[in-house]
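Worksheet: one structure, shown below.
Values below: every heavy atom of this structure, side chains too, minus hydrogens, waters and symmetry copies. By convention in this document, chain letters (A, B, ...) are assigned in the order of the sequence lines, proteins followed by strands, and residues within each chain are numbered from 1.
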Amino acid sequence: MADDVRTKPQQSANRIVNEPIPDATAGDGITGTGPLVYWRVFRTFVRNSLVRSMGFRANFWLECVSSVCWTIMNLVFFKIVFSYTDSIGRNTGWGENEFFVFLGTTWIITALIQTFVMPNAQEFSELIRTGHLDFALLKPIDTQFLISFPQMVWSNLANLFLGILLVGYAVLRLMADESNPLTLGFTQVGLYLFFILCGLVILYSVMIAMASTSIWLGRNQTLYTFWFYLTNFYRQPMEIYQQGMWGWTLWGFFTFVIPILLVVNVPARILAEPLRPGLDERTWSLAGLTLLVTLLMLGLSRWVFQAALTSYRSASS
Amino acid sequence: MVTRIAPPEKPWRLASPKTMPLIEIDQLSKHYQVYQKQEGLWASVRGLFHRQYRQITALDAISLQVERGEFVAFLGPNGAGKTTTLKILSGVIHPTSGTCRVMGHVPWQRANAYRRRFALVMGQKNQLWWDLPAQESFRLHQHIYQIPAEQFQATRDELVDLLGLAKLMRQPVRELSLGERMKMELTAALLHRPEILFLDEPTIGLDVVAQHNIQQFLKHYQEVRSITILLTSHYMKDIEALCQRVVIINEGRIQFDGSLAEIVGKFDQERIVSLRLADTTGIADLQQFGRVTRSQPPQVQLRIPRSQVTSALTEILNRYQVDDVSVSDPPLEEVFAHLFTQGREATDQGASAPKEDMAGSRRLTGEARH
Ligand SMILES: Nc1ncnc2c1ncn2[C@@H]1O[C@H](COP(=O)(O)OP(=O)(O)O)[C@@H](O)[C@H]1O
Ligand SMILES: [Mg+2]
């Protein structure tokens with residue numbers, strides 16, 4: 001501050017004057033916002049969030065360690081369960097190794113959501129409360145994109161690697177099974193990855209739609225609570241719901257109304273083939289449903305988001 | 001400056017009338033429904049089921065036109081509707097009624113083509129990444145606004161140079177002082193070379209030096225780039241330093257729209273005469289020349305109607321032994337305070353007692369139950 005601005009304008013004045021003045025009516029001649037722009041912005045978000053989390057290194061490692069510990073305890077718990085039983089549900093095919101494919105898939109999806117989606121959903125709600133959403137609305141780029149990706153909590157990604165390890169290990173065990181070995185092709189692995197992506201899109205849509213309601217509610221602090229409820233229900237093979245009136249009611253609700261049961265079940269079924277050999281008809285129809293639901297949920301979340309934005313009041317400053 | 005020829009591939013541009021105002025606001029209103037909190041436990045429980053709302057009129061059918069290259073100040077007490085106006089102009093919020101066009105766009109449609117051409121800077125909200133050096137936020141802006149690398153560098157260097165920020169580029173934003181942060185915010189906002197700059201209280205909370213620096217920068221930048229700036233403030237210093245045109249807004253209405261000189265001419269009818277007397281005898285008689293506003297012998301301060309200042313001074317210097325004399329204008333603050341109370345009396349038709357404070361002037365226009 002000591003070097004006063006007062007003297008500076010004179011020095012640099014010429015430089016500005018000689019530059020062309022922006023055209024009176026045209027703007028800068030940029031006509032559209034192409035995919036490349038989105039990619040560059042996304043890359044910047046990745047970069048910035050990495051720099052930021054490295055800035056708090058101790059915190060980063062602490063978070064990694066604590067989430068890995070929690071996940072390993074989760075594994076021990078199911079090890080104990082499988083010391084009492086051979087499979088989850090009768091004739092469902094979810095034996096220990098099949099279930100570990102399921103569990104690993106859950107970890108992968110949860111880790112990705114907690115790294116990329118939850119921090120942003122939470123932040124979005126906060127932007128609304130504080131009125132800082134103003135700045136996102138000013139930018140010549142899709143607002144939903146802009147609020148969906150700026151924050152990434154990289155320490156949550158630790159579980160992704162654990163999930164991949166667990167899935168890999170369980171799949172190898174299944175392939176080595178002598179009585180009923182699993183055979184996998186590239187298409188199957190491709191489908192597995194594709195339906196993980198669908199699952200991520202479904203969860204993203206649910207969370208963004210939930211967060212958007214903050215515009216009407218003023219704030220939505222239940223976001224993480226809601227997320228916790230969701231994880232509680234999608235973490236199990238859907239067969240456990242498929243008995244008794246209450247079970248079927250829950251199954252119907254979480255398959256068709258808030259379709260989170262499809263998120264892990266479909267990719268896990270495709271990879272683990274619980275009813276080997278081959279994929280059963282049921283898996284295929286669930287996969288078809290998932291595809292439909294993914295598109296529908298994405299559309300719905302976008303609609304809720306846009307509707308919410310028109311009611312944005314921008315907290316008074 | 002540089003003479004420019006309209007590019008031939010877009011001949012319609014030649015036809016666009018130069019007289020069309022850059023910003024056109026017509027009968028713009030904004031009401032807010034706010035939830036009325038009730039006192040006491042029982043009332044709050046009842047409030048869970050049916051809430052009581054009241055309506056705040058933030059803007060009451062304002063109309064305004066701004067031409068390209070103008071530097072306009074919105075002036076008014078807290079709650080007058082200044083920020084609301086800027087938020088509507090930048091498309092952040094929708095108005096309740098009325099129309100508005102800025103460079104041919106309806107702001108709240110939020111077209112990318114429009115959003116590339118203006119910037120909004122708010123003194124009370126910052127947009128830079130808190131934990132990172134401002135440079136990282138600048139880079140993000142570069143990608144979002146698709147600024148070519150060369151242009152980005154040139155613009156950034158020039159702004160950094162003008163604002164004296166070079167040494168601070170590597171420091172996380174959270175470690176900057178308020179004034180430095182504001183300069184960074186300005187830099188970020190100007191990177192894409194907006195044609196219109198909306199500034200909401202850019203000098204709020206800054207010390208005098210920082211305020212002055214920012215004023216100087218804005219003045220210089222606006223002159224050189226001939227961009228259009230709308231600035232809101234309740235610091236008179238900002239306006240004195242910067243603007244040719246002042247729009248005074250109070251309780252959601254435009255009370256005055258004209259030059260600063262006009263306001264002073266219209267409302268500022270008195271001069272302040274300060275005297276230091278060598279001999280204090282007869283000091284009480286000074287009353288006959290005007291209103292005595294301060295009397296701490298040997299110092300006296302008088303308010304004298306502008307037309308009588310010369311004659312009164314001659315008379316005083318004749319009669320008294322004066323060591324020192326000075327004549328000054330009343331502070332602008334006072335002129336505006338006077339103006340605001342006048343405006344209020346006009347709208348209230350003298351229903352309520354005159355209020356001293358300039359703050360908290362929200363007006364209730366009705367109550368609705370839900
Ligand atoms: N988001 C909001 N919700 C409810 N009332 C608001 C909101 N924003 C502004 N107001 C009200 O509208 C009026 C005008 O506010 P504002 O435009 O911020 O005033 P100024 O910027 O002139 O101080 C104030 O009475 C304020 O309380
Ligand atoms: Mg304001």
Review point. Just wondering, are more than 12 heavy atoms of other shown residues or ligands nearer than 6.0 Å to OH in A:Y229?
Key: no
Revision key, fill the gap. B:R115 and A:L137 have their tightest heavy-atom pair at NH1-O, 2.7 Å
**Study point:** Nearest heavy-atom neighbours spanning B:K125 and A:F135
**Key:** O-CZ, 3.5 Å
Exercise for review: Flag yes if more than 12 heavy atoms outside B:W130 fall under 6.0 Å of its CH2 atom; otherwise flag no.
Suggested key: yes
Exercise for review: Return the minimal non-hydrogen interatomic distance between A:A315 and B:K87, and the atom names on each side.
Suggested key: O-NZ, 3.3 Å
Practice item. Considering non-hydrogen atoms only, spot the tightest contact between B:W129 and A:P150 and give its length. Key: CH2-O, 3.7 Å
**Study point:** Interchain contact, A:T310 with chain B, by part (heavy-atom threshold 4.5 Å)
**Key:** both
Check your understanding: Side chain, backbone, both or neither: which part of B:L132 has an atom under 4.5 Å from a heavy atom of chain A?
Key -> side chain
Exercise for review: Evaluate the side chain to side chain contact (heavy atoms under 4.5 Å, CB included) criterion for residues A:L138 and B:V92: first the C-alpha distance (whole Å), next the side-chain angles of each, then the deciding distance (0.1 Å), finally the verdict.
Suggested key: CA-CA 7 Å; A:L138 298 174; B:V92 168; 3.8 Å; yes
Check your understanding: Which residues in residues 38-45 of chain A have a heavy atom less than 4.5 Å from any heavy atom of chain B?
Key -> A:R40, A:V41, A:T44, A:F45
Check your understanding: Any chance CH2 of A:W61 has more than 12 other-residue heavy atoms, nucleotides or ligands included, within less than 6.0 Å?
Key -> no
Study note, to complete from the structure: The reported gap from OG in A:S314 to CD1 in B:I88 (rounded to nearest 0.5 angstrom) is 10.5 Å
Point to revise | From CZ (A:R313) to CD (B:Q33), nearest 0.5 Å | key: 8.0 Å
Study note, to complete from the structure: Tightest non-hydrogen contact, residues A:I141 and B:I144, listed as CG2-CG2, 4.0 Å
Check your understanding: With B:E136, which residues qualify under salt bridge (Lys or Arg N to Asp or Glu O under 4.0 Å), at least two apart?
Key -> A:R47, B:R139
Check your understanding: Can you tell me how far the CG atom of B:L140 sits from the CG atom of A:N48, to the nearest 0.5 Å?
Key -> 6.5 Å
Practice item. Measure the OG1-CG distance between A:T143 and B:N112 for me, rounded to the nearest 0.5 Å. Key: 8.0 Å
Practice item. Could you look at B:F118 and say if it's the side chain, the backbone, both or neither that has a heavy atom under 4.5 Å from chain A? Key: side chain
Exercise for review: Pick one of side chain, backbone, both or neither for A:L309, based on which atoms fall under 4.5 Å of a heavy atom in chain B.
Suggested key: both
Exercise for review: Starting at CG of B:D131, measure out to OG of A:S53 and round the result to the nearest 0.5 Å.
Suggested key: 10.5 Å
Check your understanding: Where is the tightest heavy-atom contact between A:H132 and B:N126, given as atom of each residue plus distance?
Key -> CD2-O, 3.3 Å
Exercise for review: Go through the steps for B:H143 and A:V37 under the test side chain to side chain contact (heavy atoms under 4.5 Å, CB included), then give the verdict.
Suggested key: CA-CA 6 Å; B:H143 295 316; A:V37 177; 5.7 Å; no
Review point. Would you say the side chain of B:Q127 lies within less than 4.5 Å of the side chain of A:K139, judging by non-hydrogen atoms?
Key: yes
Check your understanding: Considering residues at least two apart in sequence or located in another chain, which fulfil the side chain to side chain contact (heavy atoms under 4.5 Å, CB included) criterion with A:F194?
Key -> A:C198, A:L291
Exercise for review: State which residues pass salt bridge (Lys or Arg N to Asp or Glu O under 4.0 Å) with A:R129; sequence neighbours excluded, sorted by chain then number.
Suggested key: A:E126
